[in-house]
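Structure, as C-alpha cells:
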Amino acid sequence: MENLTIEETKYTPRINLNMEDGLIELKGKSYPENTFEFYKPMMDWVESYFSGSEQAKTIINFEIIYFNSSSSKLFFDFFDLIEEVVNKGKYIEINWIYDAENDSALEAGEDFKEDFEKLNFKLVEK
Amino acid sequence: MEAFENKLIGEIEELQSKFTLTTQKLIKDVRRQDKIMARSDKRQKQEYDELQKKFAEVEALQKEIEETQKEVVFTMGAIGESRSKETGNHVKRVAQYSKILALYYGMDKKEAEMLKQASPMHDIGKVAIPDAVLNKPGRFNESERKIMDTHAQLGFDMLNKSTRPLLQMATTVAYEHHEKWNGKGYPQGLKGEEIHIYGRITALADVFDALGSSRVYKEAWDDERIFKMFKEERGEHFDPKLIDIFFENLDEFLAIRDSLKDV
C-alpha cells in the first residue's frame with residue numbers, strides 16, 4: 001500500500017500516513033465543509049493498514065489546535081477503530097499534542113483519554 | 001414440544017443479548033453526542049465572549065485613531081494660525097461656519113463634519129512664510145504680498161502627500177481657499193465651480209471671520225460694512241449660492257461668532 005499525505009489548508013489539517021514508519025499524523029485545524037468526506041481517504045487508509053500492513057508498533061500523533069463538532073465525532077469513530085485494533089493485540093501509542101495556552105485542545109484530549117481507557121493515550125504538552 | 005420451546009427461548013435470549021449490546025452502544029453514542037455538544041457549547045460561549053472583547057477593543061482603537069487624527073489636524077491648523085496674526089478662536093469659528101455652509105449647501109452630515117475638521121488647516125502653508133513677512137505690522141508691499149500669497153501653494157505641497165481622506169480634503173481647502181468665483185483669485189485663478197466646493201466654503205468662512213476681527217493693522221469691520229461687501233462680492237469673490245445661504249441663515253453665523261469670541 002502507498003503512503004498518503006494531504007497538505008494543510010485553512011480549514012483542514014495536514015495528514016501524514018506513513019506505512020514504513022508506522023506513523024499516523026494529523027496537524028492543524030479541522031473544520032472541513034464536509035468532515036466525513038474529507039476524512040474518508042484517511043479512514044480507508046487506516047483500515048487497510050491495520051489489515052495486515054501494520055508495523056509492530058504504530059504511533060499516532062494528533063496535534064489539532066481547533067476543530068468543529070463533526071470532527072470531534074469523527075475522531076471518536078477513529079479511536080473506536082483504533083480500540084478494536086488494540087483489542088486484537090496490536091501495539092499502538094497515541095500522542096495528543098497541545099499547546100499550553102490552548103485550554104480547549106487540552107480538554108478535548110482529556111475527553112478522548114477518558115473515553116478510551118484501554119488505549120495508550122498520552123497528553124503531550126508542546 | 002419441550003424442545004421446541006427451549007429453542008425459541010434460546011433464540012429470544014440471543015436476541016436479548018444482541019439487543020443489550022445495541023442499546024449499550026446507543027447509550028454510549030448518545031453520551032458521546034452530549035459530550036461533543038457540551039464541549040461545543042462551552043467553546044462557542046468562550047469564543048463569543050472573546051469576540052465581543054475584541055470588538056470592543058477595535059472600537060476603542062478606532063475611536064482613539066479618529067480622535068488623534070482630529071487633534072493632529074486641529075493642532076496643525078492652530079500652529080498655522082499661531083505663526084500669523086490671527087487669534088486662536090479664528091480657526092474654531094471658521095470650522096463652525098464651514099460646517100453650516102456645507103450642510104445648507106446640501107452635503108451629508110459626515111462630509112460636513114469632515115469639512116469642519118479640515119477647514120482649520122486652510123492657512124497651514126503660512127508656517128513656511130518668513131517671520132519678517134508674516135508678522136510685518138501694516139500693509140505688505142508688492143513683493144511681500146507675492147511671498148504671502150505662496151502660502152496656498154505651500155499648504156498644498158505640505159498636505160498633498162497624504163492619502164488620508166481628511167488630509168486630502170485639507171489639501172483642497174489649503175490650495176483653493178484664496179480662489180475667487182470670478183477667476184481673479186490665486187494661486188490657480190480658477191473660476192466658478194472649477195473651484196472645489198470645499199475651497200469656496202472655506203473662502204467665505206475665512207473672510208467673514210477675518211473682516212469681523214480686529215488686527216494690529218486694522219480695526220474690526222462693523223456688520224453693516226461686512227454685509228454690504230458680501231452683497232457686492234456675490235458672484236465676484238464668492239459663490240452666489242453660498243452668499244444666499246449666508247444671509248438666509250445669518251442668525252446662526254452670528255450665534256457662532258458670539259459663542260467663540262476672542263478674549
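In what follows, chains carry the letters A, B, and so on, assigned in the order in which the sequence lines appear, proteins first and then strands, with residues in each chain numbered from 1.
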Quiz prompt | Passing candidate, ring-ring contact (aromatic ring centres under 6.0 Å, His included) with F75(A), options F116(A), F67(A), F121(A) | solution = F67(A)
In terms of side-chain geometry, is the basic nitrogen of [X] or [Y] positioned less than 4.0 Å from the acidic oxygen of its partner?
{"X": "K35(B)", "Y": "D115(A)", "answer": "yes"}
{"X": "D77(A)", "Y": "K73(A)", "answer": "yes"}
{"X": "K126(A)", "Y": "E63(A)", "answer": "yes"}

Quiz item: Side chain, backbone, both or neither: which part of D103(A) has an atom under 4.5 Å from a heavy atom of chain B?
Solution: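 Contact with chain B is absent: no heavy atom of D103(A) under 4.5 Å.
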Quiz item: Picking from Q46(B), R31(B), K42(B), which has the most non-hydrogen pairs under 4.5 angstrom with chain A?
Solution: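 Highest number of heavy-atom pairs under 4.5 Å: K42(B).
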Practice problem: Answer with side chain, backbone, both or neither: which region of Q44(B) has an atom nearer than 4.5 Å to a non-hydrogen atom of chain A? | Solution: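 No part of it gets close to chain A.
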